[in-house]
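The block underneath contains the structure these notes are about, expressed in structure tokens.
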Amino acid sequence: MQPDDRATVLDALIIGAGFAGICLGKSLRDAGIRNFRIVDKAPEIGGTWYWNSYPGAACDVLSHFYCFSFEPNPDWSRKYSPWHEIRDYAERCVGRFNLWEHIELGTAVNMARFNDDSGLWEVDLANGALIRTRHVIDGSGGLHVPKIPPIEGAETFEGEHWHSSLWRHDVSLEGKNVAVVGSAASAVQIVPEIAKVAKHVTVFQRTANYVIPRKDRKFQAVEKWCFRRLPGYGKLYRLLLFLRYEWLAYPIVKTGANNIQRRYAMWQFKKLLNRHIKDPQKRESLTPDYPIGCKRVLISDDYYAALNRENVELETRGIDRITRSGVHTRDGTAHEADVLIYATGFDTQGHHVDRRITGPGSRTLSEAWSDAPVAYEGCMVAGFPNYHFVTGPNTGVGSTSLIFMIEQSARLIVSCIRAAGKNGLIAPTAEAMQAYNDEIQSALSQTVWATSCHSWYKREDGRITVLYPYNAQTYRKRHVAMRSEDFEISRPAR
């Protein structure tokens with residue numbers, strides 16, 4: 001099939017060949033829908049785990065819960081999977097689910113617009129091709145659009161520099177002075193690894209983070225044997241991991257009570273900090289001044305230990321500017337650097353609007369979200385029929401596996417596609433979407449994320465458009481099937 005054959009119409013176009021795209025591809029095939037395509041701007045499978053290949057990159061969710069429930073992996077090497085194993089697993093899933101015939105890599109989406117006359121979506125690809133499709137499924141993740149803060153003089157730096165998600169594997173850090181801007185999730189994995197080879201590493205911390213032990217280790221041979229030979233063992237182990245996140249991790253984000261889970265997390269943090277950091281001043285610098293859970297709780301077995309190395313320096317005085325040869329802090333101190341690494345996170349909503357999405361009546365998604373990003377159950381937007389999000393607004397989680405959430409979203413999306421039928425247009429009603437958003441925002445106000453601390457979770461106006469306020473069980477229940485009363489289905493003449 002030629003991609004720009006105007007007479008050809010796909011049933012669905014999936015954007016992204018990471019876990020969301022793979023899950024939706026399998027779900028469509030299981031539903032008997034084979035006329036679809038998956039496109040991804042990356043040259044390889046993996047999504048987040050293709051882009052994030054920095055030293056020490058690994059998942060913060062336990063391995064046997066960071067895989068599809070319908071495709072368990074008995075061969076994880078560790079309790080927390082390194083990035084290359086996750087990417088390899090994703091590629092194996094593509095083969096196992098017969099998805100290669102649907103995938104086109106190295107193909108970015110420039111624009112998606114709804115044709116009012118035909119009732120179809122027309123998608124322009126970066127290679128010049130035009131795709132006509134009944135449904136568009138946005139399966140792009142939120143951890144691939146780098147967010148680099150504006151720092152005076154950054155453009156003048158003469159050394160090598162890059163964002164953590166665009167790691168320069170061709171540049172050796174051996175014997176180099178390295179400046180790491182940021183001290184959150186990526187940095188706590190990067191710093192211990194590069195400190196082993198770099199001459200000197202300076203970590204520029206703006207805000208302290210809570211860090212608790214990862215307790216990572218290799219799986220023993222007998223454990224792998226049990227996962228491979230005893231299916232019931234793997235299912236029970238996965239269930240226990242699910243309950244662990246539901247009962248131990250999720251309650252930390254709730255406000256209104258000093259619950260045992262929060263006290264236990266604080267005890268873990270203090271024990272880890274006190275064990276590795278003996279200098280009272282440094283310990284104070286590494287102690288957050290906000291409630292635990294307000295920002296992402298980090299897990300690491302070696303970050304604090306790395307900060308004790310003679311060649312590692314923690315800098316908390318704030319960056320004033322960047323010069324040709326390094327970083328100057330606000331007190332006037334110059335930190336010489338050969339390499340500058342930005343571990344500064346991502347634009348978690350930018351991946352939805354970094355391409356122009358235009359719905360009926362030439363209304364763009366940016367216009368619809370001019371106040372704030374809103375999507376019914378995180379999956380669809382009123383006024384944009386047959387356009388679906390796998391991990392849309394308010395689907396982010398810090399207390400369970402995103403792959404679990406993806407599976408639930410896939411179930412609802414496929415239900416909507418089947419309900420629309422061959423030529424139907426389906427979208428949530430504006431009333432249903434508003435009611436859902438009102439409920440979500442009310443529930444979010446009862447979480448620690450809504451407290452006084454500043455985080456990437458929360459916008460300047462205090463609104464939280466990234467995170468889901470309920471637990472994973474609730475998300476599953478709400479995505480089992482579509483509630484027909486919340487949708488409008490029309491069948492335009494073609």
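With contacts defined as side-chain heavy-atom distances shorter than 4.5 Å, the pair Asp75/Glu85 does not qualify.
Under the disulfide bond (SG atoms under 2.5 Å apart) criterion, Cys294 pairs with Cys453, sequence neighbours left out. Judged as a ring pair (Phe, Tyr, Trp, His ring centres under 6.0 Å), and not counting sequence neighbours, the contacts of Tyr210 are Phe269, Tyr290. The salt bridge (charged side-chain N to carboxylate O under 4.0 Å, His left out) search around Arg34 returns none, not counting sequence neighbours.
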- Message: Under the criterion salt bridge (charged side-chain N to carboxylate O under 4.0 Å, His left out), I'd like the reasoning laid out for Asp88 against Arg92: C-alpha separation, chi angles, the key distance, then a yes or no.
- Response: CA-CA 6 Å; Asp88 290 347; Arg92 289 198 302 273; 5.5 Å; no
>> Go through it in stages, so that I can follow the logic: the residues are Phe65 and Tyr237, the test is ring pair (Phe, Tyr, Trp, His ring centres under 6.0 Å), and I'd like the CA-CA distance, side-chain angles, deciding distance and then a yes or no.
In response: CA-CA 9 Å; Phe65 197 45; Tyr237 186 78; over 10 Å; no
Check your understanding: Taking it one step at a time, do Asp216 and Lys79 satisfy salt bridge (charged side-chain N to carboxylate O under 4.0 Å, His left out)?
Key -> CA-CA 6 Å; Asp216 191 21; Lys79 291 182 68 176; over 6 Å; no
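Geometric assessment of Lys147 against the ring of Phe346 yields a negative cation-pi assignment under the 6.0 Å and 45° thresholds. Both cation-pi conditions hold for Arg214 and Tyr80: the charged atom is under 6.0 angstrom from the six-membered ring centre and inside a 45 degree cone around its axis.
Between the side chain of Asn35 and the main chain of Val9, a donor-acceptor pair closer than 3.5 Å is present.
Heavy atoms from other residues, nucleotides or ligands lying under 6.0 Å from CZ of Arg206 number 12 at most.
Counted by atom type alone, Gln473 and Arg476 present zero donor-acceptor pairs between their side chains at under 3.5 Å. Between the side chains of Glu407 and Ser69, a donor-acceptor pair is found at a separation under 3.5 Å.
The two atoms that bring Ile14 and Gly25 nearest to each other are CD1-N, 3.7 Å, heavy atoms only.
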